[in-house]
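Order of the sequence lines sets the chain letters (A, B, ...), proteins ahead of strands, with each chain counted from 1.
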Amino acid sequence: MDMSQQTLMPEKAVLLPVGTSAKVVARNVNVYYGEKHALKDVSIDVPDKSVTAFIGPSGCGKSTFLRCINRMNDTIPICRVTGKITIDGQDIYDPALDVVQLRARVGMVFQKPNPFPKSIYENVAYGPRIHGMARSKSDLDQIVENSLKKASLWEEVKNRLQDSGTALSGGQQQRLCIARAIAVSPDIILMDEPCSALDPIATAKIEELIDELSRNFCIIIVTHSMQQAARVSKRTAFFHLGLLLEEGETNQMFTNPTNERTQAYITGRFG
Amino acid sequence: MINNRKLTATITVAVAGIVASTAIAAARDQIRIVGSSTVYPFTTAVAEQFGKSGAGKTPVVESTGTGGGMKLFCAGVGIGHPDMTNASRAIKKGEFEDCQKNGVKDIVEIKVGIDGLVLAQSKAGTPLKLNIEHVFLALAEQVPGADGKLVANPHTNWSDIDKSLPNTKIEVLGPPPTSGTRDSFHELYMEVGAKKIAALKDMQKADPKGFEKLWKSLRKDGAFVEAGENDNVIVQKLEANRNAVGIFGYSFLEENHAKLRGASINGVEPDYDTISGGKFPGARPLFFYVKKQHVGVIPGIAEFAAEYVSAKAMSQDGYLARKGLVALPKAEAEKVAASVKAMKPLTAADVK
Amino acid sequence: MTALYFATLAILVAAAFLLGRHRAQSLIAGGAPSLHSLPAYHGMLPMAAVLVAMLLTFVIGSNVVARYAQASSLAVLGAETVADPLKRSAALRDIHNIAIGKHAGDVPALLMNATQQFSSASAFGNWMVYGFGTLLGLISMGYFISRISPIYRARNIFEKFILVVMGICAAVAILTTIGIVFSVLFETYRFFFDPSLKGRPTVSQFLFGTEWNPQAALRADQGDIKTAFGFVPLLTGTLLITAIAMIVAGPLGLFSAIYLAEYASPRFRALTKPILEILAGIPTVVLGFFAALTVAPLIRGWGEAYGLDVASESALAAGLVMGMMIIPFISSLSDDVINSVPQSLRDGAYALGATKSETIKNVVLPAALPGIVSAFMLAISRAIGETMIVVMAAGLAANLTANPLEAVTTITVQIKTILVGDQEFDSAKTLAAFALGFVLFVVTLILNIIALQVVRRYREQYD
Amino acid sequence: MTDIAGAAAPVFRLDVTSDAAKRRIRKRYAAEARFKAYGLAALGVTTLFVGALIFDIIRNGIPAFTQHSLTMDVAVPADFVPADKRSDPLAIRGADYFPVTRDALKAAIPGIESRRGERTLTRLLSTGAPGVLRDRLLADPDLIGKTVKVPLLLSDDADLYFKGSGTPIIKRSGIGTATPSGTTGEITILTSANDFAAEVVSIKQAAKEKADGQAIEAARLTTFGGQSVAQRVSEINAEIAALRARVDSPKVEEVLDGKLPSKLVEINGGLVKLTKLTDVSVAGEVLLPLSSTDDAKPGDWKVITYATPESNRKVSDQEVAFLERFREKGMVDRHFNTLFFTSGDSREPELAGIRSALIGSALTLFVTLALCLPIGVLAAVYLEEFAPKNRITDLIEVNINNLAAVPSIVFGLLGLAVFLNFFNFPRSAPVVGGLVLALLVLPTIIIASRAALKAVPPSIKEAALGVGASHQQAVFHHVLPLAMPGIMTGTIIGMAHALGETAPLLMIGMVAFIVDVPTALTDAATVLPVQIYLWSDLPEVAFKLKTAGAIMVLLGFLFLMNGAAIYLRKKFERRW
């Protein structure tokens, strides 16, 4: 994996501290929704095996940028993306690249839990099944169990795997969605405000889980909650009006932001 | 607030609609006729002439089928009930009694003409020259076998019945069991045909009921197709299928003679003269019935009946003949005209 | 008279509204504490009261007056005319027509007298109704206006009134069902249990008999009745045609819906959807012609080309065209439910790397399943109940067969042919139509209850 | 990547690069393409079907919108209506127009003396032909005693002839000099050349073909037959022998019958239908009188063939002769069939129109709309917004869904039992039809309205409630107006359904012959689809065109209504 880092010639200076490998590298990314210029010239490096938080006021483009990373924006017909995003050195907007495979490698968890109207088991098994990851039923059982364990849901649902996924509570549903995402063992997990629909207790569980997962995955999380960003992320990026204004170590961002608008946002003067 | 007002307005309209519909005044002063769809084309022609002649309002003619027509006709007297009914068969005893029971005492029966019931095929097919027993042998559910015992009808091709007939599949499109035409077909073709067969002579005497069942049962293996009431559809199906034979009224054959050919029965071709002269076996009379009690109550009933049996309408050159109705022989036509003038009601003895 | 009555009604209604509102407004102007209801409601309430009072008076009153006027004119005509129902109704007809000036021809003096009597009686009666209605309207208006006060809950009362009206409207559906049941129940009962009816079957003979041959039931000597009214061939015929129709319409409708909802560009959708809607609007008579005259010969021709024996009235032709008829039911309803599947579900699948078709097959369709099932159920009951196409194209042969190339008949065809046929009306054969209608109603009811249960069961998990 | 669940658990890796994975992905994409193609194919099949249906209808229906008339100079005699009564419309209306039009026809084709010819000639005109003349005289009584140029309507058969159901006509000039023996009746014509050799050969050819066919039949019968068919075989053999004899002897006169193409000779301004012919002489019947018996020079006379045998067409040779003569004189006029829209039903196809059916449909639909729109909307509002959720409302809901699927014919039974038999409403009346159809479409409207109400987001209602509106205010002020486009769409589709409905009306007496245009809700009336149903069952071929034409009109209205629904939906469509 380190090889790729060397093959990539960044157009700007390496933004990450020396010794940290970049998993996702974005250069001059612009996004347009029809006439609207939603994201302007964003360049960022996202390190592997850590949590990076995107913060910023509503409509600042952080979710848009997140959705660029697994090309979910493709599902919106009027959306147009320019610039370059690479994962492990591979350009994900390369026409030759298969978006389906890309998304298998880049999992995503959504703002509102969206379990499929199927059983808990089927929800998790769905991804491995379409990607042919399991050779037998017992393999699949194993994957489901592992994923649910990783999502800290196993104990709660192990006796009712055939129940409908929609019958779970909100927090459980969201953890199910995370389990679903990690069942295909992606490299990256994108989380779009995963806790905004949850109560504090469920939120705490998810945050704990994120922390746990960051040992193995590159996690990018979009959040509205400054505290959450501070709690879970190692690095933070601040978006405003489609621009990436500041990016750096979370500790530093929250204690000593360089940009005055970041400061204003963090201290709650606007947003 | 505006919406509430709109709402009130719509309620008003609805209620006013209901009010208007309850305040219906029964003020009928035009003739109402119901009954058979077979007679409908002729009665409507008379109705139109009657209306044009200025003798009265154009009668309303409804196509309800003979049975439905009789039911309505016999339901009672009064302006809520029809004045006449068309029938493709004579009134039945049960219906007559029903009429009497409901106070419809005086019914005048008028024979309006003859309808030939023909078997027809596409001109593209091999001409069929049938004897009437061939029809029975082709279509009966059971026919006498080699040893004279009844067996399920084995004939698939016409030539299986008689070598002189063409070697084509038997496929006959006929009327459904609910229609009067079907009854007539049984009586005119199947019964007569069965009686012609030597092997059935004994059965006819020994077991009349079984014999009747024999000629009233048509085969169900696809050789006979019950094809619905719409004769035009049958005509078009015959055009599409040169081997099929259709059973329908003569007027449809006459109107489509460019494409269809009638099968001759016992050597008689179905045409106007043979049907009118009684030579063609498949001929049946058509009727219409007048509620005599309504004469004078509903204006124009007598005049309408007179128009129907007038020479202008019913004779060989009359406009009904042009519509495909075969006129009654002259003597009988005169008798009918006289009876219309006299308005002689049916008695229980006249009804079978 | 009616015009005057309704003019007065309109004036009083308007007056009630304006007066009520004005009074409420003047209360405010007079410095009253704030009103419970808006002034308009204080106007609306008396208005509704006037409307109801006057309409009821009119409906009841005009019927009473009509009776009264008839009775008084008949009194002139003499006992003989009154005793004879025919003469009575004719006389009343003439009187009515003379009164409205639409009678042609001479009028005998007696009739003229009666008409005058009729006219004066109805004029008197109508004035009475008018006076009474107006009075009642004024009273009800006065009552509600007099009650106007700041604390008067005019809105609540008015809304209760509207609620009752709406409830009555909703109850029309129940009344219709009751009407349908009663209109066929009595005759159905006779069909099965009237001892005077020749050739009637028992319920089990009807339901399980395998031969439908009502012609046989007309014979006086009909012994083995069960051969005559066996419902099974009609049911299988109906199901066969319905099955063919669903085989055609199911995939076509569903795939059309999927394509329109998931793949089609908005412009393509705007062009294509009306085509499906046109199909939904074409009268079935027209489709029947098309089936009988165009499709059936075509199928027959193809069949012959392959050496198949095709009846000229095959179940296939009717089923195909019927399938086309019900495509729009399936496609538009499925389209709606597919569209209402939340985008987040699709995103969930896409994010796992599913292709579009995998997303549709594995996520969207299962989520939309209850709606799709109910669309199919609706389509099936449409197909079962469709009459004109089968009347024209399917024939009337009650064959017990599963071969789509043979002719079959359906329940609706039999109802239609029996009722407009030439047979005696009070025979078992004609009454069979009502029994069939009843069975048909029950069958569709069961289908719908199943559909509703299916939808209910899955829908709840999901909002 | 280390596994947090512990070393014991096997590791499942996502594999997107191996050959197996590539194969798998290829397969998945193929499935994707197939799936999409299915959808497109389904739409294609449906569109094709609709296209075929519409094409079929239009192809059949177009001829119904034109009509043919004969434009003729009609001499109206001065004593047609007595001078003192000319101001009386009734007298003009009641006059006998038949002799006048007959004389005009006879003047157009002089020399037709036989009663049969005369009758054939007069029957070319519709019985309604004098209508135009009558209207002209009513408008201007001074025309009586003058000659009026009016278009007289042709009968249905003549009309169909000009619409192309006739026969191909082939003409060729005579080679020799022809001499007719008379000007009317049965005549013979001699020619100086072998003018008819080709005809004789073709007749012999037909005879030969028939003989060959019969020979095959005889052979079949002899092979399979045996005793029972012996007589039939000998009959056939005799027939074959006679045919062969005819074919072989060149001198014998050939006879033309109706089963072969008709041969005629046009000579000296007349037309002769040939019945017997040899190479150099023919005998026949004069259809159009000749002007003289003079010799006709080569090229001045023609041999004419009506290619369709007379027995295979509706119009006889005589009628073709008359009609062709009219056409040559430029009297035949093709025009838009206004009668189709301005007259009621008739038993004469050329006079029948859809006006009374259209008005009947309009009256019926008026009743339907007036009842089911308010009731349907109020019921929907009640069920969606106000009804308590209990067994009764459950029952109503099941009921409404069920009624939407109840076969329409059952509603006919309901109408018969309740409105006609119980409430004693008149038969055939639009009010009853409207009531029945209202009950029929009510569930559709309720369901559509409920869907429209449901589609309005609850937040709108909540917002209204939040500012202190009552529940009814919130619904009637905010939710209902927003749902109105959906409700209108549902209503229009329901009304379109009602417009095309036939089956329930069969039961309540609207299947009737109605000439007079209904004026009130209680007048006897019929509706458009029923009119179609009735016409389709009449024997006259011309009614087939009428049926197709009426279908086109009906479809036109349905398209209009559907179009309105689509427009409404487009215009007010909101996405929440």
Participant: Pick from G179(C), S256(C), P251(C): which one has the most heavy-atom pairs with chain D under 4.5 Å?
Facilitator: S256(C)

Participant: Evaluate whether atom CZ of F186(C) has more than 12 neighbouring non-hydrogen atoms of other residues, nucleotides or ligands under 6.0 angstrom away.
Facilitator: no

Participant: Heavy-atom pairs under 4.5 Å with chain D: which of L445(C), N156(C), V286(C) has the most?
Facilitator: L445(C)

Participant: Output, in order, the C-alpha distance, side-chain angles, deciding distance and verdict of side-chain contact (heavy atoms from CB on, under 4.5 Å) for L43(D) and L260(C).
Facilitator: CA-CA 9 Å; L43(D) 276 173; L260(C) 284 180; 4.0 Å; yes

Participant: Chain C heavy atoms under 4.5 Å from L558(D): which part of the residue, side chain, backbone, both or neither?
Facilitator: side chain

Participant: In terms of heavy-atom proximity below 4.5 Å to chain C, should L403(D) be classed as side chain, backbone, both, or neither?
Facilitator: side chain

Participant: Heavy-atom distance under 4.5 Å to chain C: side chain of T547(D), backbone, both or neither?
Facilitator: side chain

Participant: For the candidates T502(D), V511(D), V418(D), which exhibits the highest count of non-hydrogen atom pairs separated by less than 4.5 Å from chain C?
Facilitator: T502(D)

Participant: Only one of V295(C), V321(C), I282(C), T294(C) forms a side chain to side chain contact (heavy atoms under 4.5 Å, CB included) with L53(D), so which one is it?
Facilitator: I282(C)

Participant: Under the salt bridge (Lys or Arg N to Asp or Glu O under 4.0 Å) rule, collect the residues that match up with D523(D), sequence neighbours excluded.
Facilitator: none

Participant: Among S357(C), G437(C), A270(C), which residue has the highest count of heavy-atom pairs closer than 4.5 Å to chain D?
Facilitator: S357(C)

Participant: Please identify, among G563(D), A31(D), S536(D), the residue contributing the most non-hydrogen atom pairs under 4.5 Å to chain C.
Facilitator: S536(D)

Participant: Heavy-atom distances under 4.5 Å only: say whether I258(C) touches chain D with side chain, backbone, both or neither.
Facilitator: side chain

Participant: Heavy atoms, side chains only, cut-off 4.5 Å: are Y382(D) and C169(C) in contact?
Facilitator: no

Participant: What residue, out of A264(C), S183(C), G253(C), has the most heavy-atom pairs lying under 4.5 Å from chain D?
Facilitator: S183(C)

Participant: Taking side chain as everything from C-beta outward and backbone as N, CA, C, O, which of these in I57(D) sits under 4.5 Å from a heavy atom of chain C? Side chain, backbone, both or neither.
Facilitator: side chain

Participant: Contact part of F559(D) toward chain C, heavy-atom cut-off under 4.5 Å: side chain, backbone, both or neither?
Facilitator: side chain

Participant: Is the shortest side-chain heavy-atom distance between M166(C) and E385(D) below 4.5 Å?
Facilitator: no

Participant: Among the options I380(C), T412(C), L163(C), L276(C), pick out the one with the most heavy-atom pairs lying under 4.5 Å from chain D.
Facilitator: L163(C)

Participant: Roughly how far apart are I551(D) CD1 and F290(C) CZ, rounded to 0.5 Å?
Facilitator: 11.5 Å

Participant: Side chain, backbone, both or neither: which part of I168(C) has a non-hydrogen atom closer than 4.5 Å to chain D?
Facilitator: neither

Participant: Once rounded to the nearest 0.5 Å, what's the spacing between atom CG of L271(C) and atom OG1 of T47(D)?
Facilitator: 10.5 Å

Participant: Checking E32(D) now: which residues fulfil salt bridge (Lys or Arg N to Asp or Glu O under 4.0 Å) with it, not counting sequence neighbours?
Facilitator: none

Participant: side-chain contact (heavy atoms from CB on, under 4.5 Å) for F35(D) and T355(C)? Distances and angles first, verdict last.
Facilitator: CA-CA 11 Å; F35(D) 191 75; T355(C) 63; over 6 Å; no

Participant: Look at atom CZ of F376(C) and say whether more than 12 heavy atoms of other residues, nucleotides or ligands are closer to it than 6.0 Å.
Facilitator: yes

Participant: Considering only heavy atoms, give the residues of residues 326-335 of chain C separated from chain D by less than 4.5 Å, sorted numerically, with 'none' for an empty result.
Facilitator: I327(C)

Participant: For L413(D), is it the side chain, the backbone, both, or neither that has a heavy atom closer than 4.5 Å to a heavy atom of chain C?
Facilitator: both

Participant: Using a 4.5 angstrom heavy-atom cutoff, name the option from K361(C), E262(C), E386(C) with the most pairs to chain D.
Facilitator: K361(C)

Participant: Under 4.5 Å heavy-atom distance to chain C, tell me which part of L442(D) shows up: side chain, backbone, both or neither.
Facilitator: side chain

Participant: Using a cut-off of under 4.5 Å for heavy-atom pairs, which of I400(D), I54(D), T46(D) has the most such pairs with chain C?
Facilitator: T46(D)

Participant: Which residue pairs pass the side chain to side chain donor-acceptor pair (under 3.5 Å) test when at least one of the two sits in residues 162-182 of chain C, sequence neighbours left out?
Facilitator: T177(C)-N399(D)

Participant: So do V172(C) and L439(D) actually touch side chain to side chain, heavy atoms under 4.5 Å?
Facilitator: yes

Participant: List the steps, then state whether side-chain contact (heavy atoms from CB on, under 4.5 Å) holds for L40(D) with F268(C).
Facilitator: CA-CA 11 Å; L40(D) 208 55; F268(C) 185 81; 4.1 Å; yes

Participant: Could you grab the distance from atom CD of E159(C) to atom CZ of F386(D), nearest 0.5 Å is fine?
Facilitator: 7.0 Å

Participant: State whether the number of non-hydrogen atoms from other residues, nucleotides or ligands found under 6.0 Å of R59(D) atom CZ is greater than 12.
Facilitator: yes

Participant: Check whether F182(C) gets within reach of chain D through its side chain, its backbone, both or neither, counting any heavy atom under 4.5 Å.
Facilitator: neither

Participant: With rounding to the nearest 0.5 Å, note down the distance linking CD in Q472(D) to CZ in R155(C).
Facilitator: 9.0 Å

